[in-house]
Protein chains: 2
Amino acid sequence: MAIKEAVRPGGRSARVQEAVHQAVRELQAVKTRDELTVPQIAERAGVTPSTIYRRWGNLSELVADVSVERMRSDDDPADTGTLAGDLLAWGQQYLEEMVSVPGQRALNDVMASADSERRERCCRYSESLMEALHDRAISRGETPPPVRRLIDGVVAPMTYRLLYDRDSATAHNLQRWIDCTLKEGESGVASH
Amino acid sequence: MAIKEAVRPGGRSARVQEAVHQAVRELQAVKTRDELTVPQIAERAGVTPSTIYRRWGNLSELVADVSVERMRSDDDPADTGTLAGDLLAWGQQYLEEMVSVPGQRALNDVMASADSERRERCCRYSESLMEALHDRAISRGETPPPVRRLIDGVVAPMTYRLLYDRDSATAHNLQRWIDCTLKEGESGVASH
DNA sequence: TGAATAAAGCAAACTCTTTGCGTTTGTCAT
DNA sequence: ATGACAAACGCAAAGAGTTTGCTTTATTCA
């Protein structure tokens, strides 16, 4: 039951998709996750339930599809002048978004999706962002740790805490992760 | 729809729970996640569907309940003589388990659970294990980094990769995370 | 042992999901 | 432009899962 990538992106298909997504977003604002139903969404979007079932498979995949969009931050990360600053700025905003009630729900929805490809896509967002910050740091003349280290040192702990131990997903800890990750390679960057 | 903690743990209740869990495990061995149904499980367990619905709420919570048990490794972590060795031994086994098909499914099931308390419980397993290894290291005379660092440095990246980028959840990377985490504090352990 | 009550069984009502078939509507080639 | 083709949707009925009120069973506690 994979989600069909718009084979036919023209008019109606796109309109339906947008209407359904919109309906989900509106209903999510008013209802708990397990009060949501496909028929409800269908009615609000002005389509029949079978359309939704055929296209998305089931409710979980649909809400995951909507949520993963929400997670893609549209605007470029702020340029604070240093990698440390950029990481902090981005991380703080990300944390704030994800500890919020809608943020947590979005996380849940994505994690609940059977489609692992979607989960991966969602994490690619963070990764490509790290790449961007990394490149920016280099063009400034900094000597940042490799992207992999940024992910393991900053993104991973943050994500881990968000998923498993929300209370410790704080800006204070974020600062610590950043410090730790950047400090680490200072004396000798080389790693085979 | 929280799972009721056995208010009345005596005979029948426990028997039903065990029968249902067992039925889930058996059926999981033969069927895909989305071929599983509550009525099916109920029949196999010799109970009525309503029993399951009243006790677990829905299929997701039930399978999550079963999976979280599977994730608790029952036996003590091997003592290899050093913290680095212990971490590696544990991590390798954990990785192996979690990249497997049933392991990935268990992970998915737990993540899909609406009950965040259960997710937290599942991560407590790793944390208490880190504590155990940490204490063991101390009693050996080693000077290990704080538990928090073990989690952020080893468990978090491992979990992150397992969830989002399975292919990079390898023993080789595990080694790197361990090295990195243990090396880091060598020169000066103090952090306010 | 007996009263109180949690938990399970049963069955009917209800809601969601699936599916076949006909219709609409983009898409592509002529 | 125009017509053939195929994708996506609507409709409605059949099928399956879920919820709920009431009854029965069996554990707990006095």
Side-chain angles (χ1 to χ4, degrees), chain A residues 1-24 26-28 30-66 69 109 112-115, chain B residues 1-24 26-28 30-66 108-109 112-115:
Chain A
M1 286 289 182
I3 281 66
K4 292 165 191 157
E5 282 313 319
V7 177
R8 187 177 277 196
R12 181 161 73 162
S13 212
R15 268 199 309 280
V16 167
Q17 155 140 352
E18 181 45 34
V20 171
H21 275 218
Q22 181 61 27
V24 171
E26 287 173 12
L27 286 171
Q28 273 183 332
V30 192
K31 303 200 162 243
T32 315
R33 164 59 219 264
D34 46 37
E35 290 171 345
L36 273 185
T37 69
V38 170
Q40 220 170 21
I41 296 167
E43 188 187 0
R44 177 145 205 151
V47 302
T48 59
S50 62
T51 295
I52 291 182
Y53 286 116
R54 279 203 245 257
R55 194 148 161 188
W56 281 275
N58 58 44
L59 182 56
S60 295
E61 298 303 311
L62 172 55
V63 295
D65 196 42
V66 174
E69 300 240 319
D109 292 343
S113 167
D115 181 3
Chain B
M1 285 287 181
I3 281 66
K4 291 166 191 157
E5 281 313 318
V7 177
R8 186 179 276 198
R12 181 162 72 162
S13 211
R15 268 198 311 280
V16 167
Q17 155 140 352
E18 182 44 34
V20 171
H21 275 219
Q22 182 61 26
V24 170
E26 287 174 13
L27 287 171
Q28 272 183 332
V30 192
K31 303 200 162 242
T32 316
R33 165 57 219 265
D34 47 37
E35 290 171 345
L36 274 186
T37 68
V38 170
Q40 220 169 21
I41 296 166
E43 188 186 1
R44 177 146 205 149
V47 302
T48 59
S50 62
T51 295
I52 293 182
Y53 286 117
R54 280 204 242 258
R55 195 149 159 186
W56 281 276
N58 57 45
L59 182 56
S60 295
E61 298 303 310
L62 172 56
V63 294
D65 197 42
V66 173
N108 277 341
D109 291 344
S113 166
D115 182 3

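Scope of the values below: all heavy atoms of this structure, side chains included, with no hydrogens, waters or symmetry mates. Residue numbers start from 1 in every chain, and the chains themselves are labelled A, B, ... in the order their sequence lines are given, proteins ahead of strands.
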Notebook entry, point to check: Residues two or more places apart in sequence or in another chain: which of them pass salt bridge (charged side-chain N to carboxylate O under 4.0 Å, His left out) with A/E69?
Noted result: none
Checklist line | Pairing residues for B/A112 by the side-chain contact (heavy atoms from CB on, under 4.5 Å) criterion, not counting sequence neighbours | finding: A/A112
Next item on the list: Applying salt bridge (charged side-chain N to carboxylate O under 4.0 Å, His left out), name anything that partners B/E43, two or more places apart in sequence or on another chain.
Entry: none
Check: How long is the line joining CZ of A/R54 and P of C/dT19, in whole Å?
Finding: 9 Å
Note to self: Counting only side-chain heavy atoms from C-beta out, which of C/dC10, C/dA7, C/dT24 sits nearest to A/R12?
What the structure shows: C/dT24
Margin query: Nearest to the side chain of A/S13, heavy atoms from C-beta on, is which of C/dT18, D/dC9, D/dT27?
Written below: D/dC9
Margin query: Please confirm whether the shortest side-chain N or O distance from A/T51 to OP1 or OP2 of D/dG10 is below 4.0 Å.
Written below: yes
Check: What distance do B/T37 atom OG1 and B/K31 atom NZ have between them, rounded to the nearest 0.5 Å?
Finding: 7.5 Å
Check: What pairs with A/R33 under side-chain hydrogen bond (donor to acceptor under 3.5 Å, both in side chains), at least two apart in sequence or on another chain?
Finding: none
Note to self: Test of understanding: with side-chain hydrogen bond (donor to acceptor under 3.5 Å, both in side chains), list the residues that count as partners of A/S60, not counting sequence neighbours.
What the structure shows: none
Note to self: Would the base of C/dC10 count as contacting B/S50 through its side chain, where contact means a donor and an acceptor less than 3.5 Å apart?
What the structure shows: yes
Margin query: Expressed as a whole number of angstroms, how long is the span from A/D34:CG to D/dT19:P?
Written below: 9 Å
Next item on the list: Output yes when a side-chain donor or acceptor of B/E61 lies under 3.5 Å from a complementary backbone atom of B/A114, and no otherwise.
Entry: yes
Margin query: Less than 4.0 angstrom between a side-chain N/O of A/R15 and OP1 or OP2 of C/dG26, yes or no?
Written below: yes
For nucleotides 12-16 of chain C, which of its nitrogen or oxygen atoms have a protein nitrogen or oxygen under 3.5 Å away, and what is each distance?
unit_1, atom_1, unit_2, atom_2, d
C/dC16, OP1, A/T37, OG1, 3.4

Checklist line | Atom pair distance, as rounded to whole Å: CG in A/N58 and P in C/dT19 | finding: 13 Å
Item checked: Distance, rounded to the nearest Å, where A/W56 contributes CH2 and D/dA8 contributes P -> 11 Å
Margin query: Please determine whether a side-chain nitrogen or oxygen atom of A/R55 lies at a distance below 4.0 Å from atom OP1 or OP2 of D/dA8.
Written below: no
Notebook entry, point to check: Roughly, in whole Å, what's the span from CD in B/E35 to C1' in D/dA16?
Noted result: 15 Å
